[in-house]
A.B. asks: 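Handing you a structure now.
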Amino acid sequence: MEITLIELKRKIGTTDQKFLNKVYLLANGMVKVHGYDKEKAVSLAIDMATDWFNNGGKYSMNKL
């Protein structure tokens with residue numbers, strides 16, 4: 001089942017559209033492609049999106 005932007009906005013509590021879109025795409029990819037639970041996918045997507053924005057549009061590799 002897909003995670004909606006409205007759900008994310010409520011869970012995250014932000015109105016930053018760029019951040020919400022990034023989390024939305026990452027989380028839904030984890031759910032649809034990899035079969036992650038919605039809650040776990042959102043949690044991981046928030047971490048990944050934060051990392052991406054903090055590193056100038058790149059993911060850090062030190063989390064692997």
Side-chain angles (χ1 to χ4, degrees):
M1 180 177 270
E2 185 174 293
I3 301 163
T4 66
L5 282 169
I6 294 169
E7 282 180 284
L8 286 177
K9 195 179 275 189
R10 281 189 216 131
K11 282 183 191 229
I12 299 172
T14 184
T15 56
D16 182 346
Q17 198 60 45
K18 287 182 181 181
F19 186 77
L20 285 170
N21 285 337
K22 188 71 170 171
V23 172
Y24 172 80
L25 293 171
L26 288 167
N28 278 309
M30 288 181 213
V31 170
K32 290 178 182 179
V33 176
H34 301 290
Y36 278 73
D37 167 79
K38 272 182 158 185
E39 293 299 320
K40 184 174 182 177
V42 170
S43 175
L44 290 171
I46 290 169
D47 290 344
M48 292 173 72
T50 301
D51 182 51
W52 191 82
F53 279 104
N54 289 340
N55 290 307
K58 295 181 182 179
Y59 296 107
S60 65
M61 298 304 287
N62 62 356
K63 294 189 178 190
L64 296 176

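Starting from 1, each residue takes its place in the sequence as its number.
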A.B. asks: How long is the straight-line distance from CE of M48 back to CD1 of I46, given to the nearest 0.5 Å?
C.D. replies: 12.5 Å

A.B. asks: Any salt bridge (charged side-chain N to carboxylate O under 4.0 Å, His left out) involving residues 12-31? Give me the pairs, sequence neighbours left out, ordered by first then second residue.
C.D. replies: none

A.B. asks: Are F19 and T50 side-chain neighbours, meaning at least one heavy-atom pair lies under 4.5 Å?
C.D. replies: yes

A.B. asks: Checking N55 side chain against D51 main chain: does a donor-acceptor pair fall under 3.5 Å?
C.D. replies: yes

A.B. asks: To the nearest 0.5 Å, what is the distance between CG (L20) and CG (L8)?
C.D. replies: 6.5 Å

A.B. asks: Listed by chain and number, what are the side-chain hydrogen bond (donor to acceptor under 3.5 Å, both in side chains) partners of N54, not counting sequence neighbours?
C.D. replies: none

A.B. asks: If I compare all heavy atoms of A45 with all of A27, which pair ends up nearest, and what's the gap?
C.D. replies: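 Looking at all heavy atoms of both residues, the closest pair is CB-N, 3.6 Å.
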
A.B. asks: Can you tell me how far apart CG (L25) and CD1 (I3) are? Round to the nearest 0.5 Å.
C.D. replies: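 Here the interatomic distance stands at 11.0 Å.
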
A.B. asks: Among pairs that include at least one residue of residues 6-15, which meet salt bridge (charged side-chain N to carboxylate O under 4.0 Å, His left out), considering only residues two or more places apart or in two chains?
C.D. replies: E7-K38, K11-E39

A.B. asks: Are side-chain heavy atoms of L5 and Q17 found at a separation under 4.5 Å?
C.D. replies: yes

A.B. asks: Mark yes or no for whether W52, through its side chain, and G57, through its backbone, hold a donor-acceptor pair below 3.5 Å.
C.D. replies: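 Yes, W52 side chain to G57 backbone: donor-acceptor pair under 3.5 Å.
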
A.B. asks: K32: which residues meet the side-chain hydrogen bond (donor to acceptor under 3.5 Å, both in side chains) condition with it, sequence neighbours left out?
C.D. replies: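 Scan of K32 (side-chain hydrogen bond (donor to acceptor under 3.5 Å, both in side chains), adjacent residues dropped) gives E2.
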
A.B. asks: Looking at residues at least two apart in the chain, or sitting in another chain, which of them share a side-chain hydrogen bond (donor to acceptor under 3.5 Å, both in side chains) with Y36?
C.D. replies: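 In terms of side-chain hydrogen bond (donor to acceptor under 3.5 Å, both in side chains), with neighbours along the sequence ignored, Y36 is linked to no residue.
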
